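In this text, all values refer to a predicted model and were calculated from it rather than measured experimentally.
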Amino acid sequence: MTTAPPSSRHLARHRRRVTSTDHLIGFALAAIYVAWLIVTARSLGFPRDEAFYFRAGQDYERWFELIFDGKKEAFEATADSIFSYNHEHPPLLKDLFGLSFKFLHEKHHVFEDASTAFRFPGMCMGGLTLWVTYLFGARAYGRWAGFIAAVLLGLMPRVFFNAHLACFDVGIMAMCTLTIYVYWRATAKGGLWWALAAGVVFGLTLLTKHNSWILPFIFVPHAMVVHARPLFRQLGAGRLVLPTSLVAMATIGPVVFYNGWPWLWHDPVARVTEYVKFHLNHEYYNMEFLGRNYNSAPSPALYMPVMILATVPAITLALFLVGAVERQWVLGTRAWRLVRRGLLVVSGEGESTSPVVAPLLDEPVPASHRAAHGVRQHDHAQTDLLFFLALAAPLAVFLLPKTPIFGGTKHWLTAYPFLALFAGRGFVLVGEAMNRAWPKLVETGRASAAWVLLAVVVTVGPLAITEHSHPFGLSSYVPLVGGTAGGADLGLNRQFWGFTTQSLAPWLAAHAPRGASVYIHDTVWDAWNRMIEERRLPANLRAVGSPGEGDFAIVHHELHMGEMDDELWVANGSDAPAYVLAHDGVPIISVYQKRR
Amino acid sequence: MSDDPAELSPAPDAPSAPTSSPAEPAPTVEEAPAPEPAPIADVMKPVEPVPHTPLARLRRFAFLAIPILALLELGAHLVQTHTVVSDAQWLAARDAVRTLAKPEDLVVMAPYWTDPIGRELFKDEILSLAREARPDSTRFPRAVEVSIRGQHLAELAEWKVESKKKVGPVTLTVYDNPSYRPLKDDLVDHVAPGKMAVSVLGAGGPADCAFTHGRVETGALGFGPALPADRFVCPQGGSLVATVMQPADYRPHRCLFTTPLGGGKTLRVRFENVVFGQTLHGHAGLDWDSTAHAEEQPVTLVWKLGDRTIGHVVTGNADGWKGFELDTRDLEGQTGEITAEVSSPSSRNRLYCFEADTR
């Protein structure tokens with residue numbers, strides 16, 4: 001890690017291109033993060049969806065066995081039956097879950113728990129996001145920016161929670177970030193290979209999750225700005241020209257998507273249609289927001305901004321604001337110069353041969369601003385614009401009244417790397433302001449130490465908050481809203497997917513007799529069975545499906561789930577739970593014991 | 001070739017590209033090898049002479065807002081996670097509530113999310129079903145509010161504060177109900193032979209519903225309220241029970257639960273030996289899950305004294321737990337019958353509950 005710029009002579013060093021050292025830093029960040037996830041994985045129970053994906057991974061792994069054995073059934077009806085399960089989501093991550101299970105659990109026993117093997121690819125996706133975010137930041141705004149961006153991204157409690165899971169949300173965050181990175185490199189460097197890489201990576205992202213459908217809304221407007229001049233020139237000649245990377249994504253992407261998903265092979269049009277329709281017409285599950293239960297359209301427009309404020313550490317958001325405002329100012333200045341030149345053209349005083357839209361946002365940066373902010377004359381790849389688009393596009397979807405909000409924050413995780421990148425830029429601006437305020441830091445060679453201290457100060461809070469949130473990641477809220485209790489005061493969702501059941505293990509072990517039956521509420525059977533199998537819960541417990549049947553019954557506290565409490569009050573003739581599992585004093589699960 | 005990608009003409013050696021122009025296939029633009037996007041941050045700024053005006057000084061040190069915010073956030077996190085009310089503190093509050101609350105008083109937890117903790121530690125001796133599943137708070141003369149974090153229940157906002165007491169981090173506030181009128185009769189307590197008769201009207205004359213004793217029925221989410229062992233069961237479908245339901249106000253309410261029969265049929269509930277007061281005060285609502293079905297029609301509850309209709313209560317998806325009050329002053333002090341008739345065009349997704357008392 002290179003530290004603060006102590007002198008102009010040293011500063012020149014920081015302008016060099018990303019090197020193997022940067023990849024080493026990125027890899028180290030990823031490795032530390034994955035190690036942290038592995039170490040904490042056993043204390044986090046299994047949410048509903050994860051249990052389905054465990055099963056899908058195990059099923060899909062059978063298909064790879066057919067491939068490894070050279071069986072032709074892999075390309076016939078068997079493939080269709082294997083991939084029919086959970087076909088509402090494409091298979092890439094489930095393939096990886098299954099292969100990890102086979103090789104890292106069953107064959108080589110790297111992971112004792114099968115669940116950790118299933119989860120490992122998802123964890124690696126979390127690490128990959130940090131790595132790519134670091135590289136992005138290091139290239140665009142310098143090493144410190146990349147480093148702080150990656151660290152602050154990993155220290156978002158909801159990212160940390162989701163990065164544990166054998167689910168798709170962190171996987172799609174990684175793949176979208178990677179696709180944008182490769183596209184950016186293709187734009188900056190040119191050449192066929194980067195463009196081909198963009199096509200392949202985009203195809204893999206299509207195979208990860210449907211959030212990938214947002215990417216064209218980032219790339220197309222960005223490419224129109226970057227390539228405005230040839231585009232308009234060729235349009236004037238009656239021809240449409242397209243950037244190679246976009247063409248590669250539009251052609252190679254679907255080919256990779258089709259070939260990577262055997263469920264599509266036998267009836268591609270009907271099945272792609274079914275897949276798309278499923279997500280465009282998804283049902284509305286229940287979600288509490290500001291004390292109200294939402295289970296139909298319209299969704300509240302405030303949901304996304306409030307949830308970001310309530311779940312992302314305030315210091316991350318503050319640094320983001322510093323960085324984003326500065327970059328927005330640069331873009332705005334360029335845009336204003338463009339408008340001014342356009343006005344001059346219209347009034348006949350300007351350069352009439354220059355197309356008005358051609359140099360959009362690529363106006364030369366004023367010398368005064370370059371001196372003040374160290375900004376290069378031209379950024380041909382329009383990096384700031386790309387980052388703003390990559391941030392805005394996934395978030396904008398949640399301003400639409402038809403978009404369901406049942407996924408909480410996980411459905412816009414793809415925006416977070418870019419939020420973090422602006423935060424990284426903000427950190428650099430703060431560090432530079434520190435150098436200017438205390439020039440002696442630079443003169444006495446203590447600037448590096450000061451920057452390290454500043455980095456510790458801005459990351460220790462998010463670290464403490466994220467560490468404390470585990471294993472109640474979806475129940476936790478940041479100090480800005482009063483922590484977990486503040487979130488409850490505001491009427492924000494306490495949890496979903498029933499992921500907290502495992503946290504009852506100590507109480508059940510102490511209080512449930514051998515063979516006791518438990519109504520498991522929002523926990524799905526597969527999740528319960530795996531927790532029993534891996535001895536995360538007392539092995540002598542039996543699950544039942546109706547609250548009145550169990551010796552014990554659990555209720556996961558969500559606004560609409562109060563119905564379960566009411567049923568148990570009537571069935572037991574008492575409203576007193578035997579135990580309430582709480583996080584920071586906020587009830588997460590009530591356990592009722594049948595009165596005999 | 002220019003290093004500006006915008007200067008590039010279509011590259012003949014680029015892979016063949018699709019075109020949106022139907023007239024002519026479009027060539028592609030191979031992205032130009034633009035300069036490496038160099039880091040822009042780590043650039044030394046010339047240290048300018050610092051003016052000594054207060055504004056300049058403020059601007060110079062404005063960056064300190066970031067580390068200060070970071071430390072404030074960390075501090076807030078530590079305070080928030082280390083000031084959680086302990087079980088011992090809750091139990092101390094419970095002992096104080098025991099001395100403050102009379103049997104006829106309401107006891108509530110504030111904020112409402114602390115209610116499960118209250119029920120766990122205070123038990124149903126204090127947070128009883130009658131208090132927890134109340135139709136509303138107006139039936140109680142006083143209330144003891146057990147609160148933390150400076151929170152209060154909105155339903156007591158108009159009540160008069162009688163006293164306040166701190167027990168550690170817990171505040172006990174005793175309220176007086178300014179408009180208290182004692183209950184004369186609670187119709188939900190009438191679910192028993194001799195106190196209530198249930199029948200179905202329509203489709204070939206009234207059919208009586210028998211009072212039965214079975215086993216309690218419960219189900220997973222979406223089942224609706226539990227069906228207790230004692231219930232009226234109708235011969236061709238339909239039933240009536242006293243249970244606890246969660247309407248779309250997402251609070252538990254003890255009430256009379258039924259599923260409207262649809263098809264032109266009406267469920268008639270005749271309450272016997274009712275002691276009348278000045279008003280019939282009550283509520284009606286659809287189960288929270290039923291309200292998600294926007295296409296379904298409202299449920300109508302008609303109150304009758306003999307052949308005289310005294311009120312219609314129409315409850316739709318948006319009504320939550322809807323209150324009503326009907327004038328019965330002409331019957332005040334008398335004992336007699338009152339009839340409730342429940343109907344809806346459809347029986348699908350119409351889990352329905354109502355309650356009433358006289359006062």
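- If you tally non-hydrogen atom pairs under 4.5 Å between each of A:His583, A:Glu549, A:Met564 and chain B, the highest count goes to A:Met564.
- Contact between B:Ile117 and A:Gly585 at its shortest, heavy atoms only, is CD1-O, 3.2 Å.
- Interface check for chain A: of the options B:Arg251, B:Gln151, B:His253, the most heavy-atom pairs under 4.5 Å are formed by B:Gln151.
- Chain A forms more heavy-atom pairs under 4.5 Å with one residue of B:Pro111, B:Ala76, B:Pro67, B:Ala62 than with any other, namely B:Pro67.
- In terms of non-hydrogen atom pairs under 4.5 Å with chain B, the most contact-rich of A:Val586, A:Val591, A:Val555 is A:Val586.
- The side-chain heavy atoms of B:Tyr250 and A:Arg292, taken from C-beta on, include no pair separated by under 4.5 Å.
- No other option in B:Ser128, B:Gly224, B:Gly75 has as many heavy-atom pairs under 4.5 Å with chain A as B:Gly224.
- Only the side chain of B:Val216 comes within less than 4.5 Å of a heavy atom in chain A; its backbone stays farther off.
- Residue B:Leu78 does not touch chain A at all, counting heavy-atom pairs closer than 4.5 Å.
- Residue contact with chain B, scored on non-hydrogen atoms closer than 4.5 Å, involves the side chain of A:Val322 exclusively.
- Contact count versus chain B (heavy atoms, under 4.5 Å) is highest, among A:Val457, A:Leu480, A:Leu453, for A:Val457.
- Interatomic distance, CZ of B:Phe63 versus CH2 of A:Trp438, reported as 4.0 Å (0.5 Å rounding).
- Proximity to chain B is limited to the side chain of A:His557, based on heavy atoms less than 4.5 angstrom apart.
- Interface summary for chain B: among A:Asp566, A:Asp575, A:Asp584, the most heavy-atom pairs under 4.5 angstrom belong to A:Asp575.
- Here the CZ-CG distance, from B:Arg149 to A:Asp489, works out to 4.0 Å after rounding to the nearest 0.5 Å.
- Between chain A and the residues B:Ala65, B:Ala294, B:Pro252, B:Gly219, the largest count of heavy-atom pairs under 4.5 Å involves B:Gly219.
- The contact between A:Ala578 and chain B is made entirely by backbone atoms, counting heavy-atom distances below 4.5 Å.
- If you measure heavy-atom distances from A:Asp522 to chain B, you find no contacts under 4.5 Å at all.
- With values rounded to the nearest 0.5 angstrom, A:Glu563 atom CD is found 9.0 Å from B:Phe223 atom CZ.
- To the nearest 0.5 Å, the span separating CD1 on A:Ile315 from CG on B:Leu74 amounts to 11.0 Å.
- Ring pair A:His468/B:His77 is perpendicular by interplanar angle, where above 60° counts as perpendicular and below 30° as parallel.
- Proximity of a side-chain donor or acceptor of B:Arg119 to a complementary backbone N or O of A:Pro577 within less than 3.5 Å is not detected.
- Remark: the backbone N or O of B:Pro116 is not paired with any side-chain donor or acceptor of A:Ser590 at under 3.5 angstrom.
- With rounding to the nearest 0.5 angstrom, the CD atom of A:Glu567 is 8.5 Å from the CG atom of B:Leu221.
- Heavy-atom minimum distance, A:Tyr579 versus B:Glu120: CA-OE2, 3.6 Å.
- With a 4.5 angstrom heavy-atom cutoff, B:Asp287 touches chain A only via side-chain atoms.
- Side-chain contact check for A:Asn286 versus B:Trp288: some heavy-atom pair is nearer than 4.5 Å.
- In terms of non-hydrogen atom pairs under 4.5 Å with chain B, the most contact-rich of A:Ala318, A:Pro313, A:Ala248 is A:Pro313.
- To the nearest 0.5 Å, atom OG1 of residue A:Thr316 and atom CD of residue B:Glu73 are 7.0 Å apart.
- The contact between A:Met434 and chain B is made by backbone and side chain atoms together, counting heavy-atom distances below 4.5 Å.
- Side-chain polar atoms of A:Ser574 and B:Asp124 form a donor-acceptor pair below 3.5 angstrom.
- In terms of non-hydrogen atom pairs under 4.5 Å with chain B, the most contact-rich of A:Leu454, A:Val458, A:Asn293 is A:Asn293.
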